[in-house]
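Proteins get letters first, then strands, A, B, ... in listed order; numbering begins at 1 in each.
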Number of protein chains: 2
Amino acid sequence: MNRQTLEKFYRLKLKKPLKSSAKRSLVVEYFMNRDRHFSVEELYNEIRKMNFKISYSTVYRTLNLLTKLGLARECIFKDGMLRFEPVHGPKHHDHLVCERCGKIIEFEEPKIEKLQEEVARRHKFLVDWHRMELYGLCAECRKKEKL
Amino acid sequence: MNRQTLEKFYRLKLKKPLKSSAKRSLVVEYFMNRDRHFSVEELYNEIRKMNFKISYSTVYRTLNLLTKLGLARECIFKDGMLRFEPVHGPKHHDHLVCERCGKIIEFEEPKIEKLQEEVARRHKFLVDWHRMELYGLCAECRKKEKL
DNA sequence: TAAAAAATGAAAATGATTTTCAAAATCAAA
DNA sequence: TTTGATTTTGAAAATCATTTTCATTTTTTA
Ligand SMILES: [Mn+2]
Ligand SMILES: [Mn+2]
Ligand SMILES: [Zn+2]
Ligand SMILES: [Zn+2]
């Protein structure tokens with residue numbers, strides 16, 4: 001997420017006009033500095049730890065805004081908890097999720113995406129978006145497993 | 001799901017022994033007769049409509065049992081609501097989900113599964129299970145779209 | 001038949017997220 | 001500026017699907 005996100009954020013038009021606000025900017029800034037999946041609680045705690053006063057309501061509201069604006073993406077893995085990740089560009093990626101340590105690895109595999117399109121065509125289905133997650137053990141956890 | 005499921009169900013050993021019970025059997029039977037994804041509420045209402053008295057607790061408990069026994073699988077799509085589907089065999093499948101009408105189409109694509117394994121190998125990751133869902137418009141909804 | 005174990009259902013608890021609403025902050029004229 | 005309209009905020013309440021509790025009933029075992 002680049003430096004101009006905050007300005008970009010306020011330039012973007014929604015149904016309703018946005019007033020600039022310190023609290024919201026705070027959330028956007030901390031969001032900007034994340035580069036991986038995080039839970040709302042994590043972000044909330046991080047901001048709190050810095051002695052900024054903020055409410056969960058505002059954190060949720062701002063993250064939902066960022067999502068509508070296309071700057072954030074919701075990720076809901078097996079545990080069912082809402083997470084967000086910054087959207088860095090038009091490139092799509094999918095996830096490997098370690099069921100032991102929770103680590104999340106991102107990957108891209110164009111060959112799979114091609115085949116997905118083929119499956120869709122076969123069913124005369126028009127794909128808007130997809131999600132694919134592979135759950136299992138990461139390299140580190142496999143090593144520990146063997147000891 | 002075949003006829004012997006109910007017996008199979010009671011034969012399976014869990015941590016705790018199961019007593020046979022009419023209410024639970026009821027849920028298992030209605031579950032058996034489903035062959036697609038359903039919400040807990042749907043199953044509950046179906047049983048209720050037949051004038052059987054049953055509680056949500058028992059429906060939830062039984063479905064969780066069936067899941068532990070490997071006879072049911074949890075499916076959580078974009079809407080975040082818990083659904084179950086009967087497990088018919090060892091064959092795995094993935095889903096196309098229509099965002100307009102909610103229809104769910106199942107598909108298998110061994111070529112994708114192979115590539116998933118390759119991705120995993122590349123990351124020294126051991127895959128236990130995965131989920132893949134393609135969201136978009138089904139054939140029917142596309143037609144209506146065009147009119 | 002009696003005692004032990006498990007199942008049931010109503011109601012309460014849970015817990016993450018959203019909503020409400022009154023007060024505070026921001027903005028846009030005048 | 002001042003004013004008045006609009007938006008934002010946060011605490012508390014509402015939501016809502018799912019789980020848990022617990023007193024009672026049912027099933028199994030002895
Ligand atoms: Mn990611
Ligand atoms: Mn299915
Ligand atoms: Zn791991
Ligand atoms: Zn459709």
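Taking 3.5 Å as the limit, the base of dA10(C) and the side chain of S57(B) contain a donor-acceptor pair of atoms between them.
Proximity note for V40(A) (side chain, C-beta onward) versus dA10(C), dT17(C), dA6(C): the nearest is dT17(C). Out of dA7(C), dT17(C), dG9(C), the shortest distance to the side chain of K53(B) is found at dG9(C). Here the nucleotide nearest the side chain of S21(A), chosen from dT9(D), dT27(D), dT26(C), is dT9(D). For R61(A), the side-chain atoms get nearest to dT9(D) when compared with the rest of dG9(C), dT9(D), dT27(D).
Residues Y60(B) and S55(A) both approach DNA chain D. Their nearest nucleotides, taken by heavy-atom distance, put S55(A) toward the 5′ side.
Ion pairing between a basic and an acidic side chain is recognised when a charged N comes within 4.0 Å of a carboxylate O; K103(B) and E140(B) show such pairing. Of the charged side-chain nitrogens involved, at least one lies within less than 4.0 Å of a carboxylate oxygen, so that E145(A) and R100(A) count as a salt-bridged pair.
At the phosphate of dG9(C), OP1 or OP2 sits under 4.0 Å from a side-chain N or O atom of K23(B). Close to dT25(D), at under 4.0 Å from its OP1 or OP2, lies no side-chain N or O of K19(B).
Atom CG of D79(A) is separated from atom C1' of dT17(C) by 15 Å (rounded to the nearest Å). Atom-to-atom, CG of L26(B) to P of dG9(C) comes out at 10 Å; the value is rounded to the nearest Å. Rounded to whole Å, the distance from CG on L65(A) to P on dT7(D) is 13 Å. The interatomic distance linking F77(A) (CZ) with dA16(C) (P) rounds to 18 Å, in whole Å. Rounded to an integer number of Å, the gap from CG of L18(B) to P of dA4(C) is 22 Å. In this structure, the OH atom of Y56(B) is 14 Å from the C1' atom of dG9(C), given to the nearest Å. Between the CG atom of L63(B) and the P atom of dT19(D) there is a distance of 10 Å, rounded to whole Å. dG9(C) atom P lies 9 Å from atom OH of Y44(B), rounded to whole Å.
Listed by chain and number, the hydrophobic cluster partners of L126(A) are L137(B), where partners are ILVMFWY side chains within reach of under 4.5 Å, directly or through others.
A continuous path of ILVMFWY side-chain contacts below 4.5 Å connects I105(A) to I112(A), so both sit in one hydrophobic cluster. Note: the hydrophobic cluster containing L43(A) does not contain F77(A) (ILVMFWY, side chain heavy atoms under 4.5 Å, direct or indirect links).
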